[in-house]
Amino acid sequence: MIYLDHSATTPLRPEVLTAMEPYFGSTDREDNSKYGNPSSIHLAGRAAHAGLSEARGTIADILGAAAREVILTGCGSESDNAALRGIALARRKQTSANRIVTTVVEHHAVLNTAEDMRDFFGFDLTLLPVNSDGFISEDALAEALGDGSDIALVSVMYANNEIGTVQPIGRLGALCRARNVPFHTDAVQAAGKLPLDVNALNVDALSASAHKFYGPKGVGFLYLRRGTPFHPFITGGSHEGRRRAGTENVPGIVGMATALALCEAERDVEMARLQLLRDTIIGHTLQAIPGSRLTGSPTQRLANHASFTIQDVEAEGILIALDLAGIGASSGSACTSARQQPSHVLEAVGIPAEELAGGLRLSLGYSNTAQQVELLLQKLPDIVGQQRQIVPAAL
Ligand code: PLP
């Protein structure tokens, strides 16, 4: 299979699995003594605790943060939830600021959480619009912030999962910092592909998820800058500095840190390689398929991410035909079929209603080669042609 859906999830790198194995404690291994509860005093607990601390330190170093500023979580969605709920509630208690500012193109982990904070916790919500490339306007953010006194939290995603656009997080963060407003970024798609230096980014909180960068599923982290108001939403034991209770997923966390360190070490070379493949996909698709349109920014986009809308087809048909041809791709969001909800991101960037059903996302990763891209580009125009013949009947 030619896997072109790395924005959905990535395979585990072999080095990551190797690093994780001792922490499962499987009895058929020699190095199986690290399965303890990291809170336990005995040898197995101490070994697990050492692995946990080392992993936290690795992640902190990559962020340019202190180890205590890294909260380990169960996934990217949890990290987003913890940031929005935890910071907004605590800041409101401190200052009575009652407005959450975010954007119309966020992942649902942020968007639905912000709406929940409005509907069930009484926050006011400002959703900033985007232009046709998917960027918010810095002026619009500055205007929404005012003097900042009413703003509980701003959350703007680093890179968009559907259209790949990369926001100028450092500049947006500076606007928030100048007004002492906490600034969170959902970096789930950015981690492993873009710089994560939290000081250069001017962020107070940053969310990431291991399964997007060749780590295991079901583990993520939230960077939380020292001094940022925070109210935990998973309460219980004193884990994670009382900010997220629950026995830590030690193998997953060790795997996440190993995966992130590998991506960081290879980032410049690998992103340059993927960008060439991406640009080949974009150039050929736009040229060979009439009625295809690039979505997201042509320049400020993830190096591994090519996304389109294709007129007169339904994404589902294309994806099934690609799958039959041995190619795994995505429409860019869970449901873009004409019969279901159209993508809120494609709507937000102004894609005409009649094109909303034809979203296609091809997201590259480290196993993809130039030969695979060539094969894709040979097959795609024919698949689109065939779908165009059958779709009118289906609609
Ligand atoms: N945020 C973005 C931008 C994402 O793309 C995703 C996953 O697709 C998430 C959050 C949620 O991450 P997770 O699947 O780890 O909950």
Side-chain angles (χ1 to χ4, degrees), residues 3-12 16 59 71-86 102-116 127 130 134-136 155-167 169 172 184-194 196 201 203 205-223 233-234 244 246 249 252-253 255-257 259-260 263 295-297 301-307 328-336 343-346 348-349 359 361-365:
Y3 184 73
L4 293 172
D5 200 12
H6 292 81
S7 296
T9 198
T10 56
L12 203 74
V16 172
I59 294 168
I71 302 175
L72 301 159
T73 66
C75 60
S77 300
E78 185 195 317
S79 303
D80 284 336
N81 268 263
L84 265 79
R85 297 178 191 281
T102 184
T103 84
V104 288
V105 290
E106 297 299 310
H107 188 273
H108 283 118
V110 167
L111 217 43
N112 289 353
T113 306
E115 286 172 3
D116 186 78
L127 292 178
V130 293
F135 292 112
I136 65 163
S155 182
V156 178
M157 73 198 313
Y158 195 168
N160 187 274
N161 46 306
E162 289 191 44
I163 59 172
T165 297
V166 177
Q167 304 283 348
I169 292 300
L172 304 176
H184 165 251
T185 191
D186 173 346
V188 170
Q189 291 293 339
K193 306 185 194 88
L194 293 169
L196 290 184
L201 290 172
V203 293
L206 177 149
S207 301
S209 179
H211 75 102
K212 306 287 188 182
F213 51 80
Y214 309 100
K217 294 170 181 61
V219 58
F221 67 82
L222 172 66
Y223 159 77
F233 90 105
I234 300 184
R244 196 273 188 186
N249 170 5
I253 292 162
M256 171 163 66
L260 192 59
C263 283
T295 55
S297 167
R301 63 183 303 125
L302 287 169
N304 72 323
H305 191 291
S307 56
S330 151
S331 63
S333 76
C335 40
T336 46
S343 150
H344 68 287
V345 177
L346 295 185
V349 295
R361 179 182 73 186
L362 303 163
S363 47
L364 296 150

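Order of appearance sets the numbers: ligands from 1, and atoms from 1 within every ligand.
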Heavy-atom distances under 4.0 Å are what count here, so tell me which part of [X] touches ligand 1: side chain, backbone, both or neither.
X: Asn160; answer: neither
X: Ser209; answer: side chain
X: Lys217; answer: neither
X: Met157; answer: side chain

Is the backbone of [Y] close enough, under 3.5 Å, to the side chain of [X] for a donor and an acceptor to pair up by distance?
X: Thr73; Y: Gly220; result: yes
X: Arg244; Y: Ile234; result: no
X: Thr165; Y: Phe135; result: no

- [ ] Determine, using heavy atoms of His211 and all atoms of ligand 1, whether some pair is separated by less than 4.0 Å.
- [x] yes

Task: Close approach of Glu78 to ligand 1, heavy atoms, under 4.0 angstrom - done: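 Flag not set, Glu78 not near ligand 1.
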
Looking only at protein heavy atoms, which one is nearest to [atom], and how far off is it?
atom: atom 5 (O) of ligand 1; result: Gln189 NE2, 2.8 Å
atom: atom 13 (P) of ligand 1; result: Gly76 N, 3.6 Å
atom: atom 7 (C) of ligand 1; result: Lys212 NZ, 2.9 Å
atom: atom 4 (C) of ligand 1; result: His107 CD2, 3.2 Å
atom: atom 3 (C) of ligand 1; result: Asp186 OD2, 3.5 Å
atom: atom 11 (C) of ligand 1; result: Ser77 OG, 3.4 Å

Minimum-distance pair of heavy atoms, taken over all atoms of [X] and [Y]:
X: Gly76; Y: Val188; result: CA-CG2, 4.1 Å
X: His184; Y: Asp80; result: CE1-OD1, 3.4 Å
X: Ala187; Y: Leu206; result: CB-CG, 3.7 Å
X: Leu72; Y: Met256; result: CD2-CE, 3.8 Å

- [ ] Go through ligand 1 atom by atom and flag the ones less than 4.0 Å from a non-hydrogen atom of Asn161.
- [x] 3 (C), 5 (O)

Task: Separation between CD of Gln167 and OG1 of Thr185, rounded to the nearest 0.5 Å - done: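 Atom-to-atom, Gln167:CD and Thr185:OG1 are 8.5 Å apart.
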
- [ ] State, yes or no, whether a side-chain contact exists between Phe221 and Leu260 at a heavy-atom distance under 4.5 Å.
- [x] yes

